[in-house]
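Everything below concerns the one structure shown next.
Everything numeric here is computed off the predicted structure, so don't read it as measured data.
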Amino acid sequence: ERQLVESGGGLVQAGKSLRLSCAASGFTFDRYAIAWFRQAPGKEREGIACISSDDGSTVYADSVKGRFAISRDNAKNTVYLQMHSLKPEDTAVYYCAARLSPDSLWVGIRDDEYDAWGQGTQVTVSS
């Protein structure tokens with residue numbers, strides 16, 4: 001069974017940094033692209049970052065470009081989301097998701113492209 005477990009969320013002041021982790025199990029991790037999504041109350045889920053299975057490609061939503069960085073450690077079956085210069089509008093539940101890559105450089109941030117999801121971790125940014 002494919003499992004994804006997010007951690008690292010919490011309450012942080014605006015302008016600070018936070019790093020989220022997504023620990024994966026139950027599948028061949030280095031064959032999967034991994035993405036981060038977030039959903040704020042009353043809003044649709046938003047894809048914010050993705051990293052390819054071979055760690056060679058990344059893509060970011062405009063809302064986080066230049067502030068967030070996605071990375072992966074295939075030896076640890078873990079993907080990270082380093083978040084800098086956090087804003088109150090970054091407050092959301094953050095989810096990681098996985099899909100078997102059609103090729104090693106594939107990236108995408110549409111939620112219908114993913115079929116394995118974690119349960120989420122709450123990030124709250126206070127002003």
Side-chain angles (χ1 to χ4, degrees):
E1 179 187 0
R2 294 177 298 177
Q3 286 195 325
L4 299 166
V5 179
E6 302 93 339
S7 61
L11 174 63
V12 64
Q13 288 183 323
K16 300 296 187 182
S17 299
L18 203 60
R19 189 178 80 159
L20 305 182
S21 299
C22 171
S25 61
F27 58 95
T28 306
F29 185 70
D30 62 5
R31 295 182 62 195
Y32 279 69
I34 308 293
W36 285 96
F37 293 79
R38 67 184 182 185
Q39 189 165 21
K43 294 190 176 181
E44 292 189 353
R45 187 162 54 192
E46 175 191 19
I48 57 173
C50 175
I51 189 165
S52 63
S53 60
D54 73 349
D55 198 11
S57 296
T58 57
V59 64
Y60 297 92
D62 288 344
S63 57
V64 305
K65 199 173 295 182
R67 299 189 299 122
F68 291 11
I70 188 171
S71 62
R72 66 190 295 159
D73 185 339
N74 284 350
K76 295 183 178 180
N77 284 9
T78 301
V79 168
Y80 304 98
L81 185 69
Q82 180 67 55
M83 306 185 291
H84 297 293
S85 303
L86 283 161
K87 306 174 182 180
E89 50 263 45
D90 293 319
T91 295
V93 178
Y94 284 70
Y95 301 89
C96 62
R99 70 157 283 170
L100 185 63
S101 292
D103 64 74
S104 63
L105 291 176
W106 184 90
V107 287
I109 50 174
R110 280 178 22 215
D111 59 5
D112 62 357
E113 295 173 315
Y114 292 84
D115 59 359
W117 292 82
Q119 293 193 327
T121 185
Q122 175 71 46
V123 172
T124 304
V125 184
S126 63
S127 57

- Message: Tell me the closest heavy-atom pair linking Asp30 and Arg72, and the distance in Å.
- Response: CA-NH2, 4.1 Å
- Heavy atoms only: give me the nearest Ala33-Ser101 pair and the separation to one decimal. N-OG, 3.0 Å
- Item | Whether Phe27 and Tyr32 hold their rings parallel, tilted or perpendicular, with breakpoints at 30° and 60° | tilted
- Of all heavy-atom pairs between Leu20 and Tyr94, which one has the smallest distance, and what is that distance? CD1-CB, 3.6 Å
- Task: Check the hydrophobic clustering (I, L, V, M, F, W, Y; side-chain heavy atoms under 4.5 Å; chains of links allowed) and say if Phe37 and Trp106 are grouped together.
- Result: yes
- Task: Answer whether the closest heavy-atom distance between the side chains of Thr58 and Val107 falls below 4.5 Å.
- Result: no
- Query: side chain to side chain contact (heavy atoms under 4.5 Å, CB included) between Val64 and Met83: does it pass, once the steps are laid out?
  - Reply: CA-CA 9 Å; Val64 305; Met83 306 185 291; over 6 Å; no
- Task: State plainly whether one hydrophobic cluster holds both Leu86 and Ile70, where clusters connect Ile, Leu, Val, Met, Phe, Trp and Tyr through side-chain heavy atoms under 4.5 angstrom apart.
- Result: yes
- Query: Looking at Lys65 and Asp62, does any basic side-chain N land under 4.0 Å from a carboxylate oxygen?
  - Reply: yes
- Query: Transitively linked via ILVMFWY side-chain contacts under 4.5 Å: Ile109 with Leu81?
  - Reply: no
- Item | Minimal non-hydrogen separation, Glu46 against Ala61, with atom names | OE2-CB, 4.2 Å
- Task: Can you measure from CZ (Phe68) to CZ (Arg38) and round to the nearest 0.5 angstrom?
- Result: 5.5 Å
- Query: Got more than 12 heavy atoms from elsewhere within 6.0 Å of CD, Gln119?
  - Reply: no
- Message: To the nearest 0.5 Å, what is the distance between OG on Ser127 and CD on Gln13?
- Response: 9.5 Å
- Taking Glu6 for its side chain and Cys96 for its backbone only, find out whether a donor-acceptor pair lies under 3.5 Å. yes
- Item | For Arg31, all residues meeting side chain to side chain donor-acceptor pair (under 3.5 Å), sequence neighbours excluded | none
- Do you know the tightest heavy-atom contact between Tyr60 and Ala69? OH-CA, 3.3 Å
- Distance col, row Thr124:OG1 vs Asp90:CG, nearest 0.5 angstrom, shows 11.0 Å
- Cluster overlap Leu100 with Phe29, hydrophobic side-chain contacts below 4.5 Å: yes
- Query: Only one of Thr91, Val93, Leu18 clears side chain to side chain contact (heavy atoms under 4.5 Å, CB included) with Val123; which?
  - Reply: Leu18
- Query: Considering only heavy atoms from C-beta outward, does the side chain of Ser21 approach that of Lys76 to under 4.5 Å?
  - Reply: no
- Query: Any side-chain heavy-atom pair from Asp111 and Glu44 closer than 4.5 angstrom?
  - Reply: no
- Cluster link Ile51 to Trp36, ILVMFWY, side chain under 4.5 Å: yes
- Message: To the closest 0.5 Å, what do you measure between CD (Glu89) and NZ (Lys43)?
- Response: 8.0 Å
- Search all heavy atoms of Ala24 against all heavy atoms of Leu4 and return the closest pair with its distance. CB-CD2, 3.7 Å
